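Each remark here refers to the structure printed beneath this line.
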Amino acid sequence: MRRFGAMLPLVLLFCFSSLVYSQKQTTLSASLIKEIQSRANQEYASLDQLYKHLHANPELSFHEEKTAERIATELEKAGFTVARNVGGYGIVGILKNGSGPTVLVRTDLDALPITENTSLEYASRVRVKDDQGNVVGVMHACGHDVHMSAFVGTARVLSQMKDKWRGTLVFIGQPAEERVGGAIAMLSDGLFTKFPRPDYCLAWHVAADLPAGSAGYCEGYALANVSSVDLTVRGVGGHGAYPHTTKDPIVIASQIVMALQTIVSREIKPIDAAVVTVGSIHGGTKHNIIPDEVHLQITVRSYLDSVHEQTIRAIERISKGIALSAGVPENRLPIMKVAGDYTPSTYNDPALVKRVAKSMQAMLGAEKVVQREPVMGAEDFGRYGRTSEKIPIAMFLLGTVADERVQQSVRDGVPLPSLHSSLFSPLPEPAIKTGVTAMTAAVLDLLSGK
Ligand SMILES: [Zn+2]
Ligand SMILES: [Zn+2]
């Protein structure tokens with residue numbers, strides 16, 4: 001009690017000084033905030049049409065030809081110089097406006113092979129053949145149409161407000177996020193060398209459980225490293241009535257599935273996050289046949305690269321060890337393949353997140369910008385922060401759902417349709433307007449030179 005009493009003036013001093021500090025953090029004046037708001041409102045009718053057009057005309061990853069062309073044209077109309085076909089259908093729009101920092105804003109362009117089940121007037125009815133030749137429905141079930149509409153709106157408003165900032169805007173439309181090939185393709189095609197090198201990279205991703213009109217932020221690791229691991233557990237097949245003449249891969253695979261769960265619980269440091277999920281197990285054809293092999297499909301997730309490597313090596317070691325202990329011959333040990341679709345974790349630069357969250361709070365109101373927990377989902381946006389240039393990056397979450405629906409879901413315990421659900425339907429107006437105003441505020445603050 002006495003000690004606390006002695007500390008109280010210090011605590012108050014700290015609180016007061018941090019308050020003063022936080023007020024000084026953003027360079028956005030009340031009149032600037034008003035101007036952003038009114039320009040975003042003026043643009044909305046056209047952005048709504050753009051959104052509905054994009055929603056009704058989605059394209060699969062690596063096939064975003066028309067989408068990229070539309071976004072490129074929109075950027076040109078807003079005064080940007082646009083390069084097309086950067087890393088596939090990627091586009092890079094540049095707007096130079098004197099000397100100052102360079103800020104990159106990224107939208108993704110692609111949609112998913114999902115048949116839309118919403119009853120929206122502008123629902124997608126698109127059917128295409130996928131790369132395997134199957135006819136699939138196509139849907140913007142991950143909200144990339146919201147990202148694109150907010151991105152175009154932000155480009156327009158920043159272009160109209162050129163008298164309020166100095167520097168360079170790099171607005172990129174990235175293909176193939178869903179198949180995590182777009183960011184690496186754009187980087188390999190010279191995104192940071194052929195075009196002005198950014199000082200900061202920013203992006204939105206919609207959230208399916210955050211009220212429209214609000215935004216979320218997460219400092220540090222926000223999204224996971226992800227690898228897909230295929231494991232073929234081989235045995236020696238035979239008749240189900242004579243198990244003693246076989247090495248049963250179904251029993252061996254079952255032991256492996258259980259033992260893999262000890263990697264996270266017994267091998268990884270408790271404060272480091274990791275996931276090992278066996279999502280698929282297939283083997284055998286009939287009651288009385290012991291098959292030759294069983295196939296496992298495993299997703300491995302972590303934040304730290306060292307934990308990722310450790311987990312994959314442990315899967316290999318444990319599966320080999322169990323096969324050996326079952327007496328599987330050396331030439332029939334399990335085969336492990338790590339697929340090429342590795343996605344690196346996304347690390348949101350803490351200083352950048354703090355600064356941008358401040359401008360978003362100034363724009364939207366402090367209660368509308370909330371801290372969110374990191375998740376084990378994946379995004380290839382993380383790659384922009386992992387090049388040798390070590391550019392600070394930050395991805396923010398954009399609310400999409402009517403507040404009443406969020407409240408009701410909390411009351412009833414019934415989850416809302418998630419991202420990648422055929423029923424996901426964002427509320428366009430508040431989501432897009434918030435996407436435009438909050439991102440414009442963030443970029444203006446970063447380009448204010450202070
Ligand atoms: Zn997605
Ligand atoms: Zn997405």
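All of these numbers come straight from a predicted model, not from anything done at the bench. Nothing fancy with the numbering, it's 1 onward along the sequence. Order of listing sets the numbers, starting from 1, for every ligand and every atom in it.
- At a cut-off of 2.8 Å, Glu177 does not coordinate the Zn ion (ligand 1) through any N, O or S atom.
- The name of the N, O or S atom in His144 nearest to the Zn ion (ligand 2) is NE2.
- Gln261 places no side-chain N or O within donor-acceptor distance of the main-chain N or O of Ala259, the cut-off being under 3.5 Å.
- Classification of Asp349 and Arg355 as a salt-bridged pair fails, no side-chain N sitting under 4.0 Å from a carboxylate O.
- Every residue two or more places apart in sequence or in another chain that forms a salt bridge (charged side-chain N to carboxylate O under 4.0 Å, His left out) with Arg39 is listed here: Glu35.
- In this structure, Phe396 has its ring center at least 6.0 angstrom away from the ring center of His205.
- For His205, the nearest N, O or S atom to the Zn ion (ligand 2) falls under 2.8 Å.
- Counting just the N/O/S atoms of Glu178, the one with the shortest distance to the Zn ion (ligand 1) is named OE2.
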